[in-house]
Every structure is written in C-alpha cells, then in structure tokens.
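Because only heavy atoms are used, hydrogens play no part in the values below, and waters and symmetry mates are left out as well, while side chains stay in. For this chain, numbers begin at 1 and follow the sequence in order. Note that the structure is predicted; figures quoted are calculated from it, not measured.
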Amino acid sequence: MTVLTKNSVLGLPVHLSLDYRGWLVEQLQQGQSLHVVTLNAEMAMLARQEPPLAQLIQQADLVIPDGAGVVWALGLKGARVDRCPGIELVEGLLPRLTPDQGVYLLGAGPGVVAKVAQQWQTRFENLQVVGYRDGYFQTGEEPLVLAELQRTRPVLVLVGLGVPKQEYLIQRWRRALPQAVWIGVGGSFDVWAGTKERAPRLFRENSLEWLYRLYQEPQRWRRMLALPQFALQVLFTRGVSD
C-alpha cells in the first residue's frame with residue numbers, strides 16, 4: 001500500500017508521497033471518488049484572496065506539489081519532496097489504466113480535446129476515452145454535459161478549464177459521479193494536442209518553467225507577480241512560526 005503523509009504551505013495541505021501514481025491506481029481499483037488538486041504558488045496566492053478556494057483545497061483528497069515554489073516552501077520546513085507536475089502525473093497514470101477504466105476529457109478550445117483523444121487512443125493500447133467536450137459550454141448547458149458524464153461513467157475525469165474555474169466545477173459535479181477520480185489539468189490539453197509547447201527540460205529541471213511560459217505568453221506578467229508575493233509570504237510566515 002502506498003503511503004501518503006501531509007504537510008502544509010501557507011495553511012494549505014500538501015500530500016507527500018514517493019509514488020502518487022501508485023496511490024491513485026490503488027484508489028481507482030477500489031472505486032474511490034477523489035478530487036486531486038495540483039498546487040502551485042499562483043494557486044496558493046489566489047486561495048489567500050478567495051476563501052472558498054482555500055476551503056476547497058483543504059477538503060481535496062489529494063494535493064500534490066505541482067509548482068517549484070511549493071517544493072521550495074516545503075524544503076524550508078525540512079520536507080524532502082520532488083515536484084510532481086500534474087501533466088506528468090496524468091501521463092504516468094494513463095498507461096496503468098485497464099480497458100474497463102474509462103477516461104473523459106473536458107476543457108480547452110474547440111477541437112483540442114478531440115485531437116488529444118485521438119492521439120491517446122493510438123498511443124495507449126488499453127486506454128478507453130469514453131467521451132470528451134471542449135470548455136466552451138454555457139452555464140445552461142452544464143446539465144447536458146453532466147448527463148453525458150453519468151451515461152459514460154468514466155473513472156477518470158480530466159478537467160482543463162483553468163484555475164479556479166475547474167476546481168469549482170469539480171466541487172459541484174463530483175457527487176454526481178461517485179466512482180470517479182477528478183483532476184484539474186489547467187492548460188495541459190493544449191500541450192498534449194501540440195497547440196502549445198511545454199518548457200524544455202532544461203527550464204523544468206531548474207525551476208524556470210514559469211519563465212518559459214512568460215516568454216510564450218507575455219500577457220501573463222500580471223499573474224506572475226504572484227510568485228515573488230508567494231515567496232515573501234512563505235518567508236514571513238516562517239519567521240512568525242519560528
């Protein structure tokens with residue numbers, strides 16, 4: 001049995017494990033309903049501004065250290081943990097699913113998830129993509145999308161609507177699909193489809209993936225201001241706790 005331990009960053013829980021994928025496989029085999037949150041510095045700072053998001057993260061079944069900032073903050077507390085990007089978590093989980101464990105893809109722009117579904121069906125021999133829907137549906141259409149989820153009964157639902165929209169949707173919908181593991185994947189569908197490029201390995205291994213994303217999307221600069229703010233908050237709260 002894979003063991004999880006819990007730590008925290010800025011009052012938000014972070015689960016620590018040597019094998020997140022193995023733990024999730026065990027939960028899938030048991031038919032557990034889970035909400036997986038991929039925590040990074042930007043989300044942590046947003047949670048300080050939005051109490052409902054903070055409460056949602058507190059209640060999540062698995063919170064993984066997605067961002068380098070979160071890993072750094074944990075390291076200051078003496079916790080030895082490797083970064084676990086959500087995109088890599090999912091990529092490592094897919095080959096371990098059995099043919100009867102269906103996957104549903106929800107989010108991104110028109111045509112993106114259809115392309116991902118086609119690629120995955122070719123790449124992963126046993127993977128069953130039971131349905132997909134882009135993220136451009138109106139509030140009034142939500143019952144139709146949810147009805148499709150209930151009809152197809154996936155055990156893994158990947159939601160790429162961006163933070164915090166995807167987290168709030170998962171919170172609202174997960175009870176209607178009690179056998180599923182839900183994971184918010186942000187912009188990963190665009191990377192999987194090839195419409196966006198992930199940062200080169202050199203950037204990822206040196207905690208500079210955020211810099212490459214800023215290079216790709218300069219309009220994100222305001223959002224990137226959360227990173228130094230996060231570092232200051234971590235150092236301040238550490239000094240207070242010490």
Side-chain angles (χ1 to χ4, degrees), residues 24 28 33-40 42-43 46-47 49-57 59-62 66 85-87 89-91 93-94 97 101-124 127-198 213 216-217 219-220 222-223:
L24 282 173
L28 285 165
S33 172
L34 303 174
H35 181 184
V36 180
V37 169
T38 58
L39 186 67
N40 59 22
E42 189 177 337
M43 183 189 291
L46 184 60
Q49 301 171 20
E50 295 189 18
L53 178 60
Q55 184 178 21
L56 182 155
I57 297 171
Q59 297 172 347
D61 303 284
L62 178 64
D66 175 277
I87 190 170
L89 176 73
V90 172
E91 288 174 352
L93 185 61
L94 295 176
L97 299 178
Q101 294 178 316
V103 181
Y104 193 98
L105 316 180
L106 177 64
V112 174
V113 285
K115 187 174 182 180
V116 174
Q118 183 180 21
Q119 292 177 352
W120 281 0
Q121 294 282 197
T122 302
R123 179 180 173 188
F124 303 107
L127 185 66
Q128 297 296 323
V129 178
V130 296
Y132 53 82
R133 176 71 182 257
D134 67 53
Y136 286 77
F137 55 88
Q138 302 300 318
T139 302
E141 297 176 280
E142 286 193 6
L144 297 176
V145 182
L146 187 55
E148 184 179 6
L149 279 163
Q150 292 176 313
R151 178 181 61 79
T152 55
R153 294 183 60 80
V155 299
L156 178 62
V157 185
L158 305 177
V159 185
L161 300 175
V163 177
K165 184 178 179 180
Q166 62 192 20
E167 278 68 40
Y168 291 137
L169 181 138
I170 292 172
Q171 184 184 48
R172 295 196 309 271
W173 288 15
R174 61 175 294 192
R175 290 185 181 84
L177 207 65
Q179 80 282 2
V181 170
W182 300 72
I183 306 179
V185 297
S188 296
F189 286 131
D190 288 300
V191 176
W192 288 320
T195 56
K196 288 186 180 179
E197 183 182 359
R198 194 179 177 200
R213 292 191 68 185
Q216 287 183 310
E217 305 174 62
Q219 68 275 15
R220 292 176 60 92
R222 290 184 184 276
R223 294 174 59 179

Atom pair [atom1]/[atom2] of [X] and [Y] - distance to nearest 0.5 Å:
X	Y	atom1	atom2	answer
N40	L46	CG	CG	10.0 Å
K115	L105	NZ	CG	14.5 Å
L89	T38	CG	OG1	8.5 Å

Any donor-acceptor N/O pair, [X] side chain to [Y] backbone, under 3.5 Å:
X	Y	result
D66	G86	yes
Q150	L177	no
Q179	S33	no
D61	H35	yes
E167	V37	no
Q166	G186	yes

[X] to [Y] - nearest heavy-atom pair and separation:
X	Y	answer
R174	Q171	CG-O, 4.0 Å
L149	P154	O-CD, 3.3 Å
G102	V130	CA-CG1, 3.7 Å
G109	Y136	CA-CE1, 3.5 Å
F137	E141	CA-OE1, 3.3 Å
A108	V113	CB-CG1, 4.5 Å

- Query: Is there a side-chain contact (heavy atoms from CB on, under 4.5 Å) between W173 and L106 once you walk through the steps?
  - Reply: CA-CA 12 Å; W173 288 15; L106 177 64; 3.9 Å; yes

- In sequence, state the C-alpha distance, the side-chain angles, and the governing distance for L94 and R123, and then conclude on side-chain contact (heavy atoms from CB on, under 4.5 Å). CA-CA 10 Å; L94 295 176; R123 179 180 173 188; over 6 Å; no

- Query: Is the shortest heavy-atom distance from the side chain of E42 to the side chain of V163 under 4.5 Å?
  - Reply: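 With C-beta onward as the side chain, the pair stays apart.
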
- Query: With a 4.5 Å heavy-atom cut-off, do L62 and L34 have their side chains touching?
  - Reply: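 L62 does not reach L34 side chain to side chain.
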
- Note on the structure: For E50, the side chain to side chain donor-acceptor pair (under 3.5 Å) test, sequence neighbours excluded, returns Y168

- Go through the steps to decide whether L97 and L127 satisfy the test side-chain contact (heavy atoms from CB on, under 4.5 Å), and finish with yes or no. CA-CA 7 Å; L97 299 178; L127 185 66; 3.8 Å; yes

- Message: A quick test of your reading: do over 12 heavy atoms of other residues, nucleotides or ligands sit less than 6.0 Å from CZ of R172?
- Response: yes

- Using 30° and 60° as the class limits, which term best fits the ring planes of W120 and F189: parallel, tilted or perpendicular? tilted

- Message: For W192 and I87: C-alpha separation, side-chain torsions, deciding distance, then whether side-chain contact (heavy atoms from CB on, under 4.5 Å) applies.
- Response: CA-CA 9 Å; W192 288 320; I87 190 170; 3.5 Å; yes

- Query: Between L156, I170, V159, which is the residue that forms a side-chain contact (heavy atoms from CB on, under 4.5 Å) with I183?
  - Reply: L156

